[in-house]
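Scroll down for the structure; my scribbles are underneath it.
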Amino acid sequence: VSATITSLEVPEVTTIAINDSRTFFVPDPPPNNHCDPLAQSFFVKDKGGVFLSSIDVYFYSKDTTAPVTIEVRTVENGIPTDIIVPSGKATVPAASVVISDDASKSTRFTFKKPVYLTDKNDYVFVIKSISKSYNIWVSRLGEKDVSTGFVIDKQPAVGVLFKSANDKTWISDQYEDIKFTLNRCKFTPDTSYTAILNNKPIPLSSLPNNPFTLTSDSSVINVKHPNH
C-alpha cells in the first residue's frame, strides 16, 4: 500500500552563519626528522645478565655534519619495540665516526652509564640518523668476506638484522648481520669503595597552627609537621 501526501505549508528556510578559525604553525624550513634505521638483535646468555659499556659498529661511509645515534631496545615477539633500555642511548658526532673500505676500523658508541641486560632475553641495538650518507658493514651468507676473502657460510652470532623505513614497521633479513662488537663491564670483586651521597637543599616551610604537643611531667615536646 502506498500513498502520496501533499503539504500546502510554505517551507521555512533558515540560514545560520558558521565561522571557524584555525591556526597552523609551519616551520621554515620544515624539520627533517626522517630516518631509515637499521637494527641488529642479539641474545644474552650469561647467567645473571651483563652490564653493557659500549658497542662498536663498522662504517663504510658517513655524513659530514649529521650525528648518528644508537639505541638498545627490548624485543617483543621477535620484533624490535620502541622501548629503550635505561641509559641505553648514545650519540656520536659525524667528526668522530671512523670509516674504512675493508671493515677493519670501528666506531665506538659509549653509554653514559652501564646498561644492564638480563639473561635469557633478546635485545636489539638500533642505528639511526637523519642523514642517508651513513652506510655500515654487514655480512651476507654466501658472499665473500672483504677482509679475508673467505666465503661466509654461517651467521656469526644468534641474531637477525632488521630494516625499517619509519622506525615502526620492521622487516627481518635472515641472510645479513651487522658487523659489531658488544663491550661489557668487568668488575673487580672483593674491592671496597666509598660512595658519597649528598642531600638536596631542604626548602624552608612554615609550621601549621598549634604544632606543639606537651605532656605534663614530661620534658618531651612533639612537633607536628607535614612530611616529617
Side-chain angles (χ1 to χ4, degrees), residues 16-35 37 39 41-55 67-93 96 108-130 166-170 182-228:
I16 301 175
I18 300 177
N19 297 321
D20 186 18
S21 62
R22 298 182 182 181
T23 303
F24 296 92
F25 295 92
V26 181
D28 185 22
N32 183 13
N33 295 325
H34 177 74
C35 65
S41 65
F42 58 93
F43 181 74
V44 177
K45 63 180 180 180
D46 300 72
K47 185 178 180 180
V50 298
F51 285 90
L52 198 64
S53 62
S54 60
I55 300 178
V68 59
T69 299
I70 198 168
E71 298 173 350
V72 180
R73 303 184 186 180
T74 60
V75 174
E76 185 175 350
N77 298 325
I79 302 297
T81 69
D82 58 354
I83 301 176
I84 302 176
V85 178
S87 303
K89 184 176 182 179
T91 300
V92 173
S96 300
R108 176 159 295 183
F109 293 81
T110 303
F111 303 105
K112 293 182 179 180
K113 301 177 182 177
V115 180
Y116 177 65
L117 306 177
T118 58
D119 59 343
K120 299 180 181 179
N121 278 310
D122 289 296
Y123 295 90
V124 296
F125 63 85
V126 179
I127 304 175
K128 56 196 301 186
S129 175
I130 62 174
N166 57 6
D167 202 5
K168 295 181 180 179
T169 303
W170 296 90
L182 299 178
N183 303 304
R184 67 178 186 179
C185 300
K186 184 178 180 180
F187 300 99
T188 303
D190 300 327
T191 303
S192 299
Y193 295 94
T194 300
I196 300 176
L197 306 177
N198 296 320
N199 294 327
K200 293 183 177 180
I202 301 176
L204 298 177
S205 60
S206 301
L207 294 174
N209 294 330
N210 301 321
F212 302 104
T213 302
L214 295 87
T215 305
S216 60
D217 300 331
S218 175
S219 60
V220 177
I221 301 177
N222 295 320
V223 181
K224 297 180 181 179
H225 189 58
N227 302 322
H228 286 77

What is the distance from atom OG of S53 to atom CZ of F111, rounded to the nearest 0.5 Å?
8.5 Å
Indicate yes or no for a side-chain donor-acceptor contact from S87 to the backbone of V115 under 3.5 Å, with no hydrogens or angles considered.
no
List for me each residue that meets salt bridge (charged side-chain N to carboxylate O under 4.0 Å, His left out) alongside D46, sequence neighbours excluded, and say none if there are none.
R184
Indicate whether any N or O donor in one side chain lies under 3.5 Å from an N or O acceptor in the other, for S54 and N183.
yes
If you take all heavy atoms of P93 and P67, which pair is closest and at what distance?
CA-CB, 4.0 Å
Taking the six-membered ring where the residue is Trp, are the ring centres of F187 and F51 under 6.0 Å apart?
yes
Donor-acceptor contact present, side-chain D119 to main-chain V44, <3.5 Å:
no
Grab the two heavy atoms, one from P208 and one from P211, that are nearest each other, plus how far apart they are.
O-CD, 3.2 Å
Nearest 0.5 Å please: distance from the NZ atom of K224 over to the CG atom of N209.
12.5 Å
Please set out all donor-acceptor pairs under 3.5 angstrom arising from side-chain atoms of residues 70-80, sequence neighbours excluded.
from, atom 1, to, atom 2, distance (Å)
E71, OE1, R73, NE, 3.0
E71, OE1, R73, NH2, 2.6
R73, NH1, T81, O, 3.2
R73, NH1, D167, OD1, 3.1
R73, NH2, D167, OD1, 3.3
R73, NH2, D167, OD2, 3.2
T74, OG1, T81, OG1, 2.6

Heavy-atom side-chain proximity of V50 to L117 below 4.5 angstrom
yes
Provide the closest heavy-atom pair for I55 versus L182 in the form atom of the first, atom of the second, distance.
CG1-CD2, 3.7 Å
Between P86 and K113, is any pair of side-chain heavy atoms under 4.5 Å apart?
no
With no hydrogens and no angle check, is any side-chain donor or acceptor of S218 less than 3.5 Å from a backbone partner on T215?
no
Which of these passes side chain to side chain contact (heavy atoms under 4.5 Å, CB included) with F109: V68, T69, T91?
V68
Search all heavy atoms of V85 against all heavy atoms of Y116 and return the closest pair with its distance.
CG1-O, 3.8 Å
Show the nearest heavy-atom pair for residues V126 and A39, with the distance to one decimal.
CG2-CB, 3.9 Å
In this structure, are over 12 heavy atoms from other groups packed under 6.0 Å from N222 atom CG?
yes
